[in-house]
2 protein chains.
Amino acid sequence: MKGTQLGEFEELILLLTGVLYPDAYGVSIARELENQTGRKAAIGAIHSALVRLEEKGFLKSELQSGSGKRGGRPKKIFSITAAGKTAIAKSKELRNSLWDQIPELALKGLNYSYVIR
Amino acid sequence: MKGTQLGEFEELILLLTGVLYPDAYGVSIARELENQTGRKAAIGAIHSALVRLEEKGFLKSELQSGSGKRGGRPKKIFSITAAGKTAIAKSKELRNSLWDQIPELALKGLNYSYVIR
DNA sequence: ACTATTTATTCTACATTTACGAAAAAACCA
DNA sequence: TGGTTTTTTCGTAAATGTAGAATAAATAGT
């Protein structure tokens, strides 16, 4: 599908935006991504996903005015929209549903364990 | 990430392969995808995902010899490998974990309902 | 007010994944 | 053998994912 579909990375960013609420922005998301998944992405990668997510209507943003803290450009704070919430909820349900439909046999004995005998 | 990362579509195909066990192949997967998700993908899209999944080691395949049925090229039957099982299990855990970490407030009042007053 | 420093976003370029439809291949049947 | 059926393979286009350098905005010190 195209245009409205949620990519794998995009979904992660969308989820992380929720987790970080109400302080989700490029840099904090990048940090949290690494903390939670060990996966480190360039800041540019995060931002391009954020832009696409906003274009698709799954996220909205607002500039945070003078924070009274250290220097630096104003943060662009992101939060999930109703459409975004629906998207991740559906994605989650679909995947969990499919997972539950997999017959025992299909995964039987599939593991990385070794048996010494 | 590259090479070993599981794309959104790929994950769906991997799951569907499990659901269809032991009769998962290009055409049956395409059919099941539409049944389960309403999403219809071209057969070519399915196959390219299948090829990638096999290259990544998440799926294995074997040609089904003379089926004694109608004509047609032999089906290439796919099944999940141990690595594939691990991949979808981890993906599922990560997403569910993140979902559970989203504070109530972040999704509060976000829905498509309309209230007549 | 000016400059250096800090923090974050934007921009540019490229790699990988997803999507499609046409063409090719293999098996069966008359 | 020729035609039909079923499914895979191939070539190309579009969307998504990745990266890092360049740019911008705010603060603090002088």
Side-chain angles (χ1 to χ4, degrees), chain A residues 1-14 16-17 20 23-34 37 39-56 58-59 61-78 87 91, chain B residues 1-14 16-17 20 23-34 37 39-56 58-59 61-78 87 91:
Chain A
M1 214 169 265
K2 50 179 94 168
T4 55
Q5 194 58 31
L6 200 54
E8 177 270 337
F9 189 63
E10 290 177 344
E11 184 172 354
L12 226 43
I13 299 302
L14 190 49
L16 254 6
T17 299
L20 257 11
D23 191 44
Y25 67 102
V27 174
S28 70
I29 291 174
R31 193 165 36 225
E32 191 71 4
L33 174 67
E34 184 164 5
T37 72
R39 178 174 170 181
K40 66 178 81 172
I43 186 65
I46 309 283
H47 274 109
S48 64
L50 249 13
V51 167
R52 273 192 300 253
L53 250 8
E54 190 166 17
E55 286 172 352
K56 291 179 182 174
F58 296 146
L59 286 180
S61 68
E62 63 178 320
L63 270 323
Q64 190 177 66
S65 51
S67 57
K69 287 290 185 79
R70 286 290 187 102
R73 194 166 173 170
K75 296 173 183 173
K76 193 171 185 179
I77 303 293
F78 288 86
S91 168
Chain B
M1 216 167 260
K2 53 178 91 170
T4 56
Q5 192 60 33
L6 200 56
E8 179 270 335
F9 188 63
E10 290 176 345
E11 185 172 353
L12 227 43
I13 300 301
L14 191 47
L16 254 6
T17 299
L20 256 11
D23 190 45
Y25 68 102
V27 175
S28 70
I29 292 174
R31 192 164 38 224
E32 190 71 5
L33 174 69
E34 183 164 5
T37 73
R39 178 175 171 182
K40 67 178 79 173
I43 185 66
I46 309 280
H47 274 108
S48 64
L50 249 13
V51 168
R52 261 180 282 125
L53 250 8
E54 189 166 19
E55 285 171 351
K56 291 179 182 174
F58 297 146
L59 285 180
S61 68
E62 62 179 320
L63 270 325
Q64 191 175 67
S65 52
S67 56
K69 286 288 186 76
R70 288 289 188 100
R73 198 167 170 168
K75 297 175 181 173
K76 194 172 186 180
I77 303 293
F78 287 86
S91 168

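Below, chain A is the first sequence line, B the second, and so on; all start at residue 1.
- Set against dG17(D), dT18(C), dT10(C), the side chain of Arg52(A) has dG17(D) as its closest nucleotide.
- In this structure, Tyr25(B) and Leu63(B) have side chains that are not in contact, with every pair of non-hydrogen atoms separated by 4.5 Å or more.
- We find that CD1 of Ile43(B) is positioned 18 Å from P of dA24(C), with the value rounded to whole Å.
- Between the CG atom of Leu50(A) and the C1' atom of dG17(D) there is a distance of 14 Å, rounded to whole Å.
- Checking Lys76(B) against Ala49(A), the closest nucleotide of DNA chain D that is more toward the 5' end is the one next to Lys76(B).
- Heavy-atom nearest nucleotides on DNA chain C were determined for Gly44(B) and for Leu6(B), and the one closer to the 5' end corresponds to Leu6(B).
- Atom CD in Glu8(B) sits roughly 11 Å away from atom C1' in dT17(C) (whole-Å rounding).
- The closest side-chain heavy-atom distance from Arg39(A) to Glu34(A) is not below 4.5 Å.
- At distances below 3.5 Å, not a single donor-acceptor pair connects side-chain atoms of Ser91(A) with backbone N or O atoms of Ala87(A).
- Near DNA chain C, defined here as any heavy-atom distance below 4.0 Å, the residues from residues 25-33 of chain A are Tyr25(A), Gly26(A), Val27(A), listed numerically.
- Within the 4.5 Å cutoff, side-chain heavy atoms of Ser61(B) are placed close to those of Lys76(B).
- For the side-chain contact (heavy atoms from CB on, under 4.5 Å) with Glu10(A), the lone residue among Leu6(A), Ile13(A), Leu12(A), Leu14(A) that qualifies is Leu6(A).
- As rounded to whole Å, 17 Å separates atom P of dT17(C) from atom CD1 of Ile46(B).
- Atoms CD (Glu55(A)) and C1' (dT10(C)) sit 13 Å apart, rounded to a whole Å.
- Following rounding to the nearest Å, Gln64(A) (CD) and dA8(C) (C1') show an atom-to-atom distance of 12 Å.
- One can place CG of Leu53(A) at 16 Å from P of dA15(D), the figure rounded to the nearest angstrom.
- Between the side chain of Lys40(B) and the backbone N or O of Ala30(B) there is no donor-acceptor pair closer than 3.5 Å.
- At least one side-chain nitrogen or oxygen of His47(B) sits closer than 4.0 Å to the OP1 or OP2 atom of dT8(D).
- A close approach under 4.0 Å does not occur between any side-chain nitrogen or oxygen of Lys40(A) and OP1 or OP2 of dG17(D).
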Listed pairs, N/O of protein and of nucleotides 22-25 of chain D, under 3.5 Å:
residue : atom : partner  : partner atom : Å
dA24(D) : O4'  : Arg73(A) : NH1          : 3.3
dA25(D) : N3   : Arg73(A) : N            : 3.3

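- In this structure, Lys75(B) does not reach the dA26(C) phosphate: none of its side-chain N or O atoms is under 4.0 Å from OP1 or OP2.
- Between Glu11(B) and Arg52(B) there is no salt bridge, since none of the side-chain N atoms of the basic residue sits less than 4.0 Å from a carboxylate O of the acidic one.
- Panel note: side chain Ser28(A), backbone Asp23(A); a donor-acceptor pair is recorded below 3.5 Å.
- Mapping Ser48(A) and Phe78(A) onto DNA chain C via the closest heavy atom, the residue that lands nearer the 5' end is Phe78(A).
- Between Phe9(A) atom CZ and dT16(C) atom C1' the separation is 13 Å, expressed in whole Å.
- Under the 3.5 Å distance criterion, the side-chain polar atoms of Ser48(B) are matched with a main-chain donor or acceptor of Ala45(B).
- The closest donor-acceptor contact from the side chain of Glu32(A) to the backbone of Ile29(A) lies at 3.5 Å or more, if one exists at all.
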